Amino acid sequence: MSDKPEKLITDDGLRLDGRRADEIRPMKIEIGVLSRADGSCYLEWGKNKILVGVFGPREAHPRRSQRADNAVIRYRYNMASFSVEDRARPGPSRRSIEISKVSREAFEPVIMTELFPKTAIDIFVEVLQADAGTRTAAINASSIALADAGIPMKGLITSCAFGKVDGQIVLDLNKEEDNYGEADFPVAMTQDGDITLLQMDGNLTPDEIKKGLELVKKGCKEILEIQRAVLRKKFETPLEEPEEEEEEEEEEETEEAEIEAVEAEPSLEYAPEAAAVEEIIEEAGEFEEELSEETVEACAVDKEAPECEKLEEIIKEAEAEVIEAEAIEEVIETEIEEEAEEKAFEDEAEFEAALEASYEEFSESMRTGKLCPEETVSEKAEFEPETEEFAEEEAVIEEKAEIEGKPEIEEEPEIEEKPEIEEEAGIEKAASEETFESEQEIEPEAESREKAVEAEEVPVEEECKGPWKVVKDPSESGSRGENYE
């Protein structure tokens, strides 16, 4: 141990390390130095070197140490054997146990333990090098390590100590002042000014304690600013990022402009035409530049200039040609429509003439009587065209026969003597028989026979209504019902 110096504070009011009474030692803080821990911090405060690791919240072991309503905070303070000049005895001591207890109680008011029941939050403090004020330095480092681990807290904890040296109150004692001073008073408080740790070693008056507390508040504010700056540096977005974003946006804009330029360029297929067009545009621009302002003004003002008149005449001629072309197109369209209508009319006239000629031929054949020889009732039903006019004529003939009152004919030899024709008639004979059967239900059998005989005696000119040639024997013609030519 070094000998006690004669004076700890010089006549100029400076301390052995050159500080004034209200100044703290320089502080250096690093975050995240331990990769295995949830949160870690390395702190250098003067010659003190503190390393802190935080683990949790995690399950508490043994289970008898668990709490059903909140988490358990476990704080372990340890000084390495090489941290002091005289080798420290390894393992826990009464001093380390006492410092661990008071430090844990300093954090209990700010850590939200109710959010993690039946768990444990472990804080491990290792003093690598001691130079007075290790407990306060450990509390400051532990506060930052808890924040790095993401443990919910109401605020940061800061700690500092004041003491009495050579009858004067000073802030943040160093090793010589702690060993040879008259008093040591460590304090820890929240960022709102609430005190969570208060210890005293030595003799102090109430006025000296008040003065020392004012110095501690000042020192704790300075430490709080250092802690916030370190945390802000790690967790806040750096200020350089907006500039980088602007640079990225500019690069994207340039890329888009290049893409548009490439798209605007003509393809190789039309490269010669594009080049020719560009040359024409350039020549036109050069020609416009060659024109003097006076010439432009003269053309704009003097509308009766010969060049302007020529241009106007050319424009009028072009307009007249366009109008003529439109008129010609209209005339051509009207002619095409008229021709189509005339052609349709001619086709209708030819069709009507053909119908009239066929009708005349049919009427002439009826007058001459060349077409219709005698035939049976079943054959007439087969060859007569089914039209309304022929049905009416047949009804008139039947009425005339009834009025004349011809005698009943019991036999019908002609109908029975023609089995071949009846067999060839097929479906027509069946249809005629059905008609006769329907008539028999209404009229007596005698009347139906009389009507059949009368129908046979009708003249050929009145009964024949169709342009067909009918023969009794199918061998006389190629096919029965052949058109007469």
Side-chain angles (χ1 to χ4, degrees), residues 29-43 49-80 83 90-128 134-160 186-199 220 223-224 227-228 230-236:
I29 300 174
E30 293 181 8
I31 302 176
V33 294
L34 300 177
S35 60
R36 301 291 181 87
D38 296 326
S40 60
C41 176
Y42 173 74
L43 183 141
K49 295 181 180 180
I50 311 296
L51 184 63
V52 179
V54 175
F55 298 85
R58 60 185 180 180
E59 188 176 359
H61 291 287
R63 290 191 175 183
R64 63 175 179 272
S65 64
Q66 294 179 358
R67 294 181 182 177
D69 55 346
N70 53 20
V72 178
I73 299 172
R74 296 187 293 202
Y75 192 100
R76 179 179 178 274
Y77 172 90
N78 183 56
M79 290 185 69
S83 61
S93 61
R94 293 182 64 184
R95 178 178 177 274
S96 63
I97 294 170
E98 179 261 331
I99 292 174
S100 298
K101 177 183 179 297
V102 297
S103 299
R104 175 178 57 79
E105 292 175 352
F107 283 100
E108 285 180 350
V110 295
I111 296 175
M112 298 180 182
T113 56
E114 65 275 9
L115 299 177
F116 309 102
K118 297 183 179 181
T119 60
I121 298 171
D122 294 321
I123 304 169
F124 295 94
V125 178
E126 196 71 24
V127 179
L128 303 178
T134 55
R135 77 187 69 188
T136 57
I139 289 171
N140 292 328
S142 300
S143 180
I144 295 173
L146 287 167
D148 183 38
I151 304 298
M153 295 190 297
K154 298 176 182 178
L156 295 173
I157 295 292
T158 56
S159 180
C160 191
V187 179
M189 61 177 63
T190 64
Q191 60 187 15
D192 298 329
D194 297 333
I195 294 173
T196 59
L197 170 64
L198 186 65
Q199 288 181 307
C220 288
I223 294 168
L224 181 62
Q227 290 175 332
R228 286 178 173 176
V230 172
L231 293 171
R232 191 179 297 114
K233 184 179 179 181
K234 180 176 180 180
F235 294 106
E236 276 191 353

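Predicted, not measured: the structure shown is a model, and the values here were computed from it. Throughout, numbering of the chain's residues begins at 1 and tracks the sequence.
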Going by the rule side chain to side chain contact (heavy atoms under 4.5 Å, CB included), which residues pair with [X] if we only count those two or more places apart in sequence or in a different chain?
X	result
E114	M112
L34	A37, S40, L51
P92	S96, I97
T113	N70, A71, I73, I111

Checklist entry - Could you give all pairs that pass the side-chain hydrogen bond (donor to acceptor under 3.5 Å, both in side chains) test and reach residues 100-109, with sequence neighbours left out? => result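 Listed once each, the pairs are K101-E105, R104-E108.
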Under the side-chain hydrogen bond (donor to acceptor under 3.5 Å, both in side chains) rule, collect the residues that match up with [X], sequence neighbours excluded.
X	value
R67	none
E30	none
K234	D148
T158	none

Checklist entry - Among pairs that include at least one residue of residues 53-72, which meet ring-ring contact (aromatic ring centres under 6.0 Å, His included), considering only residues two or more places apart or in two chains? => result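 Found F55-F124.
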Checklist entry - Please, which pairs that meet ring-ring contact (aromatic ring centres under 6.0 Å, His included) have at least one residue in residues 135-157, sequence neighbours excluded? => result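 Sorted result for residues 135-157: empty, none.
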Checklist entry - Who are the salt bridge (charged side-chain N to carboxylate O under 4.0 Å, His left out) partners of D122, not counting sequence neighbours? => result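 For D122 the salt bridge (charged side-chain N to carboxylate O under 4.0 Å, His left out) partners, ignoring immediate neighbours, are R58, R74.
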